[in-house]
Amino acid sequence: MSEKRVYTFGNGKAEGKADMRNLLGGKGANLAEMNLIGVPVPPGFTITTDVCNEYFEKGKETVVSLLRDEVIASVHHIEGLMNSKFGDIENPLLVSVRSGARASMPGMMDTILNLGLNDEVVRGLAKKTGNERFAYDSYRRFVQMYGDVVLGMKPVNKEAIDPFEAIIEKVKAQRGISLDNEMTVDELKQLVDLFKKAIKEQTGKDFPTDPMDQLWGAICAVFDSWMNERAILYRKMEGIPAEWGTAVSVMAMVFGNMGNTSATGVCFSRDAATGENVFNGEYLVNAQGEDVVAGIRTPQQITKLGSQRWAEQQQIPEEERATKYPSMEEAMPEIFAQLDALQHKLEKHYHDMQDMEFTVQEGKLWFLQTRNGKRTGTAMVKIAMDLLHEGEIDEKTALKRCEPNKLDELLHPVFDKDAQKKAKVLTRGLPASPGAACGQIVFFADDAEKWHEAGRRVIMVRIETSPEDLAGMAAAEGIVTARGGMTSHAAVVARGMGKCCVSGAGALNVDYKARTVEIDGVTLKEGDYISLNGSTGEIYFGEVKTKPAEVTGDFADLMKLCDKYTRLVVRTNADTPHDAQVARNFGAVGIGLCRTEHMFFDNEKIKAMREMILSDTVEGRKKALEKLLPYQTKDFYGILKAMDGCPVNIRLLDPPLHEFVPHDLAGQQTMAEEMGLTVAEIQKRVDSLSEHNPMLGHRGCRLGNTYPEITEMQTKAILGAAVQLKKEGFNPEPEIMVPLIGIVNEFDMQEQVIRSTANKIFEEAGVEVEFKVGTMIEIPRAALTAGYIAKKAEYFSFGTNDLTQMTFGYSRDDIASFLPVYLDKKILNVDPFQVLDQTGVGQLIEMAVDNGRKTRPNLTCGICGEHGGEPSSVKFCHRVGLNYVSCSPFRVPIARLAAAQAAVEE
Ligand code: PEP
Ligand code: MG
């Protein structure tokens, strides 16, 4: 690690720059960069992310002593540029202390503002600014924030409000006022005393008066916040490693709460919800930054257009809007012009949508932060395609800008237009994060989690959300808040998650104690259904019907761009014509796995299937299979037709037979009646099918090899359907796949059955259909002997579910018993059944592909395990030269993007 632990910036100079985000965190790197490109930023310094790791390794005391000289020198650096002194009672410097990791984690870690105040310094600040009210307002905010973040003041239970807010409410109630800014200077002073008293009572700690002590407390608290519950959860959700650590940026305070020529706000260079290329954001006059983000006061719009759109949603007439809720563009035109110019400059500089924080102190504009903005999946695609068309980025960059998993949001259902027209609108809020959602109302994050686990769909209804609500937000279908704007915590986090969210729905009266919400005279309880339209901000009564999404517009253009660069194509795993059609609409170019067993569960089919399983003679089985044949033929006809002109890889029967027979007495009785046997006879047969380890038992090609008549029937059905289609003028491309082979002879025998059955069918029909016979590679021995197997098999499909199971020796059905512990102890970093183990299982795949192609150079290789739709695994498949991946229909676009990215990253 580098010896330098602290990097300063200020006055157009900086020791860091944008590409140092790993060391300085996103915030620190961009603060440095903004200095270098001439954006006004208050001076400050950043303590590196390496120090964060050092902090957790060596402990607080050691790290403070290692940092001491550099931090003190850097404080002097700020003092020099600000012409003031930290802790000085005449001309005090105040600072903010902020977190900033390599990847942005909005609201997950802690921030402290106005640091450096105590009972003497506050008097100096009042004198220096001539604004006693401002000085004491800043002081009470500082004590409140420091108490909360550094000294650990928390609400006592979930229904209770924040202890400091409770004190504020009490003081206001005593005088019968309702707004914070109606408080007198004396009341603010009183608040400071009451806050300090409450801190002492609840935590036993005195409030530190020495500014340097305050600073060390704050720096350490920010490091500590890297390990708070919500940050850990957020990292888990976003796949951010704990080793990255957070940096700490300390900056001179600039004040948005110095009167009516001061303000603070958050803005985006494009719309983070829709991607539309319009500058937008919110601000508050005479306020500090936290007020906007925390959703305590509902802020106003920055642009006139934004303000007009907002008023329209709130059904406020233009005249009233212009007088009561003017935009910054109207109220502070000069500052707005500067802000607008700088937001353009920053977007041009970073070639991406920026999310910026600013403060105006007595008419002077300062930027406090810029970062690439979090955005919804829809916005991600639109912004990438727009920047491409604007010539800001090239095609490859546009592809890399889109995160494959985020496309999932674009595939979610949308409201059915007719149902939506008929739906009863309860009220409107702000369209904070688009999408359609419906579910049952819950008011608390932990209830959202519990209900979700119990299989219920929930909508979380809150006055406002805080980072503590993260897990609940993740579990909910959608989020509604009564307060807060488009940049409130709920809105920003929901957009990052791709969750539907309506914020600032002012008509909502939430009563946490009663667990009810009253909206214009209608009272809804916990458990009642509501629906949300995150694109319009409407909240509907009850459940509103939804319909599937479509690939159109920018999304379709992005997919076309994928096709231009990709080498690896995407097929789908589908067992029904409907799924096949859905996948085809999403761009699947074939079926990579059709699991035939799912077709046997219909009423009539399962009867015939059970009859087959129960008979202990070949004749008996053949008779039952004759009954199954027409059903199977019809199923394959449907699928081959839906995928006309594309390869359809059909796997022969795979699961152990016991999965098809009833294990309960009632089921066995019905079965006995249907088959004209006694219950005892049925039970005997069911018992005989039971295996100690069915996953390693009588399944896969072992079934076909012991009962070749099954393979014969399935071949007849597949090729019979193909012949019929060909006669009708279609172009079926069947592939017949033998599962779970470990020895080439297993394949050999099955192939003989398939080929001889095919010959008979073609002869009878007088028509031939081209088809292939291939195998799954899902047993390590098959991978090891792939060179031999490829002599016979025309293609390989890697069944990485079983291959993972057998390579690790983890039962795929029982891994849940130890996986959480393994993940927790970092024995495993990810679930290998979700993310392909490239080093172990991957080695088998790579070797099998190489050896297979040595024998048969044009051997087609694909993957059909769950990994086929997981982006990092798809990229691996590209690198080892597979021809295709196959995944569930709703992952097809995700796999297409990952495959294209793999090609451009090469
Ligand atoms: C596999 O094993 O990866 C596979 C696709 O087959 P199944 O999941 O049906 O065992
Ligand atoms: Mg398998």
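Computed from a prediction, not measured in an experiment: that's the story for all the values here. Every number for a ligand or one of its atoms is a count from 1 in the order of the listing.
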With respect to E778, determine whether any N or O atom, backbone or side chain, lies less than 3.5 Å from an N or O atom of ligand 1.
yes

Do R891 and N405 pair up side chain to side chain, a donor and an acceptor below 3.5 Å, judged on atom types alone?
yes

May I ask you to check if R702 and Y707 form a cation-pi contact, with NZ or CZ under 6.0 angstrom from the six-membered ring centre and within 45° of the axis?
no

Of the side chain and backbone of E866, name the one, both, or neither that has a heavy atom under 4.0 Å from an atom of ligand 1.
neither

Under the salt bridge (charged side-chain N to carboxylate O under 4.0 Å, His left out) rule, what do R651 and D654 come out as? Steps first, then yes or no, please.
CA-CA 8 Å; R651 180 177 72 184; D654 181 69; 3.8 Å; yes

Run the ring-centre check on H663 versus H658 and record whether the distance is less than 6.0 Å.
yes

Any idea which atoms of ligand 1 are less than 4.0 Å away from a heavy-atom of C864?
5 (C)

Among E709, E626, E611, which one satisfies side-chain hydrogen bond (donor to acceptor under 3.5 Å, both in side chains) with R621?
E709

Measure from the side-chain N and O atoms of E746 to the backbone N and O of G742, and report whether any donor-acceptor pair falls under 3.5 Å.
yes

Relative to the Mg ion (ligand 2), how many protein N, O or S atoms have a separation of less than 2.8 Å?
2

Atom 6 (O) of ligand 1 has as its nearest protein heavy atom R651 NH1, 2.9 Å

Treating K499 as the side-chain partner and A476 as the backbone partner, does any N or O pair qualify as donor plus acceptor under 3.5 Å?
yes

Of I779, I863, I845, which meets side chain to side chain contact (heavy atoms under 4.5 Å, CB included) against L803?
I845

Please confirm whether the ring centroid of Y810 lies under 6.0 Å from the ring centroid of F818.
yes

May I ask you to list the atoms of ligand 1 that are less than 4.0 angstrom from any heavy atom of R699?
10 (O)

Heavy atoms only, cut-off 4.0 Å: how does R595 contact ligand 1, side chain, backbone, both, or neither?
side chain

Where on L593 is there a heavy atom closer than 4.0 Å to ligand 1, on the side chain, on the backbone, on both, or on neither?
side chain

For I894 versus P404, what's the shortest heavy-atom pair and its separation?
CG1-O, 3.4 Å

Distance filter under 4.0 Å to N801 heavy atoms, resulting ligand 1 atoms:
1 (C), 2 (O), 3 (O), 4 (C), 5 (C), 8 (O)

Close-contact set for ligand 1 against G799 heavy atoms, below 4.0 Å
1 (C), 2 (O), 3 (O)

Counting distance only, does the side-chain N/O of D837 pair as donor-acceptor with the main-chain N or O of G840 below 3.5 Å?
yes

Can you name the atoms of ligand 1, numbered from 1 with element, that are less than 4.0 Å from a heavy atom of R812?
2 (O), 7 (P), 8 (O), 10 (O)

